[in-house]
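These notes concern the structure reproduced below.
Lettering of chains follows the sequences in order, A, B, ..., and the numbering in each one begins at 1. Bear in mind that the values here come from a model prediction, so they are computed numbers and not experimental data.
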Amino acid sequence: MAKIPYKWYKILAVLLLGYTLIYGLLIPLPTDVGMLDETIRNLFYHVPMWFGMMIILMAAWIYSILYLQNQNPKHEIIARALTFTGILMGLCGLFTGMFWGYNTWGSPWTNDPKLNGVAVGMTMYAGYWLIQKSVDDGEKKARLASVYNIFIFPLFIALIFVMPKLAKFSIHPGSGESVNFKTYNKTNNMEMVFYPAIIGWTLFFVWIAEIRARYEILKQRKENEELFA
Amino acid sequence: MKNFLLNTVISDIAPQVTESLFRTSGKIYVVVGILTIIFTLITIYLIRLDAKITKLEKASK
């Protein structure tokens, strides 16, 4: 059940990521990216972390709703695996972003609306982890975590996606009055790597989440067997 | 003559391809190679992990 019955998505993930890793480093760049210079290549590695995180957390959100609807414990396990994997992607995005920011903006943490939103959002997801770790009763925990997840996901999206767009000023591209794809000169073909990168990274982390969910289901099954043995 | 043609071609392409320090030395291919090795090993590790879980799932059915 937790095992996705398609092998092709794993193959696709590996192929797209291989393409991203190799061609992302070799592709010629637009010449007008300013101080970003060659680090604009991080677009293929740092940015897909956030896109992938949002996609995976949305899947987790859907599974949390499904769990509350039909009380199938497998759905809760899948939602949990997806959430933790999504957060792992978010942390990758956060640390790569701090490193990138340190080298281009001169500071690992700036007063950018996107960064502040992420800080609050990550704290909310720390609350999700806290629920998972601190409630003993299995079913109570599952319900509590699902309801909590359903509340925090839209808030998180509002914080990291909607608010920075509404903000007057942001140094992140695509928010406030700052640059986006279209402002660079059209000689670039970065989209050719950018979109495959998003799909590849997301599918790769979905694979990791799948393995985690299958492990948790096996563990649960073993515990149940011991309980009724 | 041949040299002259080659030079013209190179000077036509060169400004677009290798303006930055990043690639002029050709050492970028070393980085690409290392990333490829790391990525290949991670992929093999994941495939093996996947296979192990599949085996456990079959055993516990």
Side-chain angles (χ1 to χ4, degrees), chain A residues 1-5 7 9-33 36-41 44-45 81 185 187-189 200-201 203-226, chain B:
Chain A
M1 166 99 212
K3 185 176 181 181
I4 304 171
K7 261 197 192 120
Y9 92 88
K10 294 167 189 170
I11 300 166
L12 189 68
V14 171
L15 288 179
L16 285 178
L17 261 192
Y19 167 79
T20 303
L21 287 175
I22 295 168
Y23 197 49
L25 284 179
L26 299 177
I27 190 173
L29 296 169
T31 45
D32 57 347
V33 291
L36 288 179
D37 205 10
E38 290 281 353
T39 69
I40 190 75
R41 287 181 206 279
F44 314 132
Y45 312 113
N185 61 16
T187 52
N188 81 68
N189 43 358
W201 281 112
L203 289 181
F204 198 71
F205 276 81
V206 167
W207 188 6
I208 294 173
E210 186 203 295
I211 288 178
R212 181 173 182 146
R214 284 160 69 193
Y215 159 75
E216 299 265 354
I217 286 172
L218 274 176
K219 201 172 99 183
Q220 186 108 339
R221 193 184 291 165
K222 193 159 176 286
E223 276 165 11
N224 286 351
E225 273 166 15
E226 277 163 10
Chain B
M1 186 64 194
K2 199 180 164 194
N3 257 342
F4 168 74
L5 270 181
L6 203 66
N7 280 340
T8 333
V9 169
I10 286 175
S11 60
D12 273 354
I13 300 172
Q16 294 158 18
V17 186
T18 54
E19 272 217 280
S20 59
L21 194 66
F22 198 54
R23 255 178 306 168
T24 39
S25 58
K27 295 250 163 79
I28 181 63
Y29 294 102
V30 182
V31 182
V32 172
I34 281 175
L35 268 179
T36 313
I37 293 168
I38 292 176
F39 180 60
T40 313
L41 287 179
I42 290 178
T43 305
I44 292 171
Y45 180 81
L46 262 184
I47 290 172
R48 283 180 51 83
L49 197 62
D50 199 299
K52 275 179 191 169
I53 294 240
T54 309
K55 212 170 137 192
L56 265 183
E57 278 171 345
K58 281 191 179 137
S60 81
K61 248 173 201 162

| field | Check: B:I47 and A:W207 side chains under 4.5 Å, non-hydrogen atoms | value | yes
| request: Let me know if B:T54 has heavy atoms under 4.5 Å from chain A in its side chain, its backbone, both or neither. | output: both
| For the candidates A:R214, A:R221, A:K222, A:E225, which exhibits the highest count of non-hydrogen atom pairs separated by less than 4.5 Å from chain B? | A:R214
| Within a strict 4.5 Å, meaning less than it, do heavy atoms of the B:Y29 and A:L26 side chains meet? | yes
| remark: CG of B:L56 to NZ of A:K219, rounded to nearest 0.5 Å, is 13.5 Å
| field | Residue part contacting chain B, namely of A:K10, when any heavy atom lies under 4.5 Å | value | side chain
| request: Could you tell me which of B:T43, B:L46, B:T40 has the largest number of non-hydrogen atom pairs under 4.5 Å with chain A? | output: B:L46
| query | Atom OG1 of B:T36 and atom CG of A:L25: how far apart are they, to the nearest 0.5 Å? | reply | 8.5 Å
| said: Counting C-beta onward and ignoring hydrogens, is there a side-chain heavy-atom pair between B:L35 and A:I22 closer than 4.5 Å? | reply: no
| When rounded to the nearest 0.5 angstrom, what distance separates CG in A:L21 from CD1 in B:I34? | 13.0 Å
| request: Please round to the nearest 0.5 Å and tell me the distance separating atom CD1 of B:I53 and atom CZ of A:R212. | output: 11.5 Å
| With a 4.5 Å heavy-atom cut-off, do A:Y215 and B:L49 have their side chains touching? | no
